[in-house]
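Have a look at the structure below before the remarks.
Numbers here are sequence positions counted from 1. Whatever order the structure lists ligands and atoms in, that order sets their numbers, starting from 1.
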Amino acid sequence: MAVVGDLSLKFIGKEPICDFKKGVFGFPISSHRVSFSAGKLKNGRVRTGVCAVMKVGVENTEISRDLEKFEGVLGLDVVSEEELKEKGFMGLRKTKLVCTIGPACCSLDDLEKLALEGMNVARLNMCHNTREWHQNVIRKIKNLNEEKGFSVSLMIDTEGSQIQVVDHGAPSSVKAEDGSIWDFTTEKFEGSRPFTVQANYEGFSEGINVGDELVIDGGMATFEVVEKIGNDLRCKCTDPGLLLPRAKLSFWRDGRLVGRSDELPTLSTKDWSDIEFAISEGVDFIAMSFVKDADAVTHLKNYLSTKSSKSIKVLAKIESLEALHKLDEIVEASDGIMIARGDLGVEIPLEQIPTVQEEITHRCRKFNKPVIIASQLLESMVEYPTPTRAEVADVSEAVRQYADALMLSGESAIGPYGQKALSVLRMTSGRMELWSREENRESVLFENKLEASVPDKIAEQICNCAAGMANNLGLDAIFVYTRHGQMASLISRNRPNPPIFAFTNDSSTRMALNLQWGVTPILIDLSDDMEANINRSINLIKTRGLIKDGDAVLVVSDIIPTSTAQTVFQSIQVKTVV
Ligand SMILES: Nc1ncnc2c1ncn2[C@@H]1O[C@H](COP(=O)(O)OP(=O)(O)O)[C@@H](O)[C@H]1O
Ligand SMILES: C=C(OP(=O)(O)O)C(=O)O
Ligand SMILES: [K+]
Ligand SMILES: [Mg+2]
């Protein structure tokens, strides 16, 4: 093993040696000498940064000095780097983008195009397709990250339990006509029977009375219960519409939802086995469907902390009335929230969605948790190559509310215009971010106070001040040094004007920060010597041509050293690059 600075090279016979993570590779040229080059990976090839011949096992100070400027150790993803080079600091997009991966975008080529187009997180919805299929997608994305320098995080979305129509294959949809009589049953049968709908859950009709309303998919069609026959319901169609496979069933009485999900577990047996799969594949996020209370979230978090060697973040999906009733406790318990407007629209009247969305987004900012706004953002693009004006207005509103992330569902999973939809999200968010920054700031930003008790009040204050200083002084960027991402997220919470570069030596932290508004995470080795870390990272960024003399950055650090000899290093400083 040869050691140079904080890089190490393995020396294996006459084979070329590679350490792609560090961007280093070398060829042994004799039994005690190795020639090596080091650099950043691009398009699967190492772009050489440093070339040298060195003695194996001997520390070479000259090379160490060269390697101080070595560009390969700066873990900045290619997409942010290109964006930065092209548009400068203020041009970096703040709002993060999540894409649901499905049959329309699962080839290596399609995934690469989505990554290039700005996908920050890939979502795999375990409601659909086989585990092998999902595994294949995960492997491809990890491969793209390793070989081509992307940094796309992975999210598994659980199926969850829900009362719905069984997907019996064909036909794909049936029309219910006004006044027609239908039987909703739990009887199991293959194929389809006329005027009969199979429900997936035995107890679906418990507590339901004659006269109650049965609503399909939040309003696609409506029935009135006219007769109860054992567990089955005979219903008359009062508002005609389509019955799709897996359509959701909800019951209403006197204009209010009849709670049906009490008996259903938040995590089913299938969900638990999908969670094992998520752990073994080392994904970054698990989005938990139909969360009812904080206990379910805490339980999963505890489970993951004992079972998973890497940190996996738990996102709670808010998609039921019950979750809305316990919003604060759920937000506080989770690592982030998804506003799952699809199912939420089944449980609350549609006209309440906009205000509920804004309220949840505000609660997330208060508790400092990232929030994703999901479902139907560009729904018409599942079929058409352009969005409706109303859809663009919806996306803009989500950005104006300072959501951390926006999500595509069917638009990318099954639609033929997935990349285009992603670019619509990118352009629309860029435009609204600029407008908010320049024209609308004061009206939307609200007071800084955190709702939750942050264990470290000093960190919170430092971050609030840092964001204010960076804005007031008109600085170019904020550099924050963070092991677990806490400081980066506390700065992001203030939604400052300049971009936040979060330097971390923890790859899980890097991947988790991909969901955080305005944060560009960078993987880098961090030593206990904070001054050295700061100088080294500024040099690295400068060597790459991403920062120039005269640029001013705000540097924030709060790294607790690993050795006990040093004290906690907390500081804010303004550095002008020279
Ligand atoms: N992995 C997948 N395999 C096949 N189809 C998928 C997959 N993921 C999503 N889809 C399709 O994309 C649509 C939209 O995705 P999503 O919103 O995540 O699911 P759902 O409609 O079940 O809530 C789904 O209805 C399904 O038709
Ligand atoms: C995102 C959602 O969940 P899923 O697609 O899993 O139903 C939703 O209901 O909006
Ligand atoms: K799901
Ligand atoms: Mg849902």
Mutual orientation of the aromatic rings belonging to Tyr402 and Trp517 [parallel < 30°, tilted 30-60°, perpendicular > 60°]: perpendicular
I need the contact type for Ala413 against ligand 1. Using non-hydrogen atoms and a strict under-4.0 Å cut-off, is it side chain, backbone, both or neither? side chain
Measure the distance from atom 20 (P) of ligand 1 to every protein heavy atom, then report the residue, atom name and distance (to 0.1 Å) of the closest one. His128 NE2, 3.7 Å
So is Lys317 close enough to ligand 2, meaning a heavy atom under 4.0 angstrom away? yes
With the threshold set at under 4.0 angstrom, would you say Val137 reaches ligand 1 through any of its heavy atoms? no
To the nearest 0.1 Å, how far is atom 27 (O) of ligand 1 from its closest protein heavy atom, and which atom is that? Ile414 CD1, 4.0 Å
Glu319 neighbourhood, listing ligand 2 atoms whose heavy-atom distance to it stays under 4.0 Å: 2 (C), 3 (O), 8 (C), 9 (O)
Out of curiosity, is Pro103 lining ligand 1, as in a heavy atom under 4.0 Å away? yes
Would you kindly specify which portion of Ile101 sits under 4.0 Å from ligand 1, judged on non-hydrogen atoms: side chain, backbone, both or neither? backbone
Would you mind running through ligand 2 and noting each atom that sits below 4.0 Å from a heavy atom of Ala340? 1 (C), 2 (C), 8 (C), 9 (O), 10 (O)
Can you name the atoms of ligand 2, numbered from 1 with element, that are less than 4.0 Å from a heavy atom of Arg341? 10 (O)
Is Arg123 near ligand 2, meaning one of its heavy atoms is under 4.0 Å from it? yes
I'd like to know if Arg246 contacts ligand 1, where contact means a heavy-atom distance under 4.0 Å to any ligand atom. no
Please list the nearest protein heavy atom to atom 7 (O) of ligand 2 with its residue and the distance rounded to 0.1 Å. Asp343 OD2, 3.0 Å
Counting from 1 in the order shown, the ligand 1 atoms closer than 4.0 Å to a non-hydrogen atom of Ser409 are 17 (O)
Please determine, by modelled atom types, if Ser151 and Asn514 share a side-chain donor-acceptor pair under 3.5 angstrom. yes
A quick test of your reading: do over 12 heavy atoms of other residues, nucleotides or ligands sit less than 6.0 Å from NZ of Lys301? yes
Candidates Gly410, Cys105, Ser412; heavy atom nearest atom 14 (C) of ligand 1 found on Gly410
State the atoms of ligand 1, each with its element, that fall below the 4.0 Å cut-off from a heavy-atom position in His134. 1 (N)
Could Lys236 and Glu224 be called an ion pair, given the rule that one side-chain N must be under 4.0 Å from one carboxylate O? no
Which protein non-hydrogen atom lies closest to atom 1 (C) of ligand 2, naming both residue and atom, and how far is it? Ser375 OG, 3.5 Å
So, applying salt bridge (Lys or Arg N to Asp or Glu O under 4.0 Å) with Asp404, which one of Lys369, Lys94, Arg495 is it? Arg495
Backbone, side chain, both or neither: what part of Asn125 comes under 4.0 angstrom of ligand 2, heavy atoms only? side chain
Under 4.0 Å from one or more heavy atoms of Gly342, ligand 2 contributes atoms 8 (C), 9 (O), 10 (O)
So Arg123 and Asn125, do their side chains get closer than 4.5 Å, heavy atoms only? yes
Decide whether an N or O pair under 3.5 Å exists between Asn129 and ligand 1. yes
Nearest to atom 16 (P) of ligand 1, what protein heavy atom do you find, and at what distance? Asn125 ND2, 3.6 Å
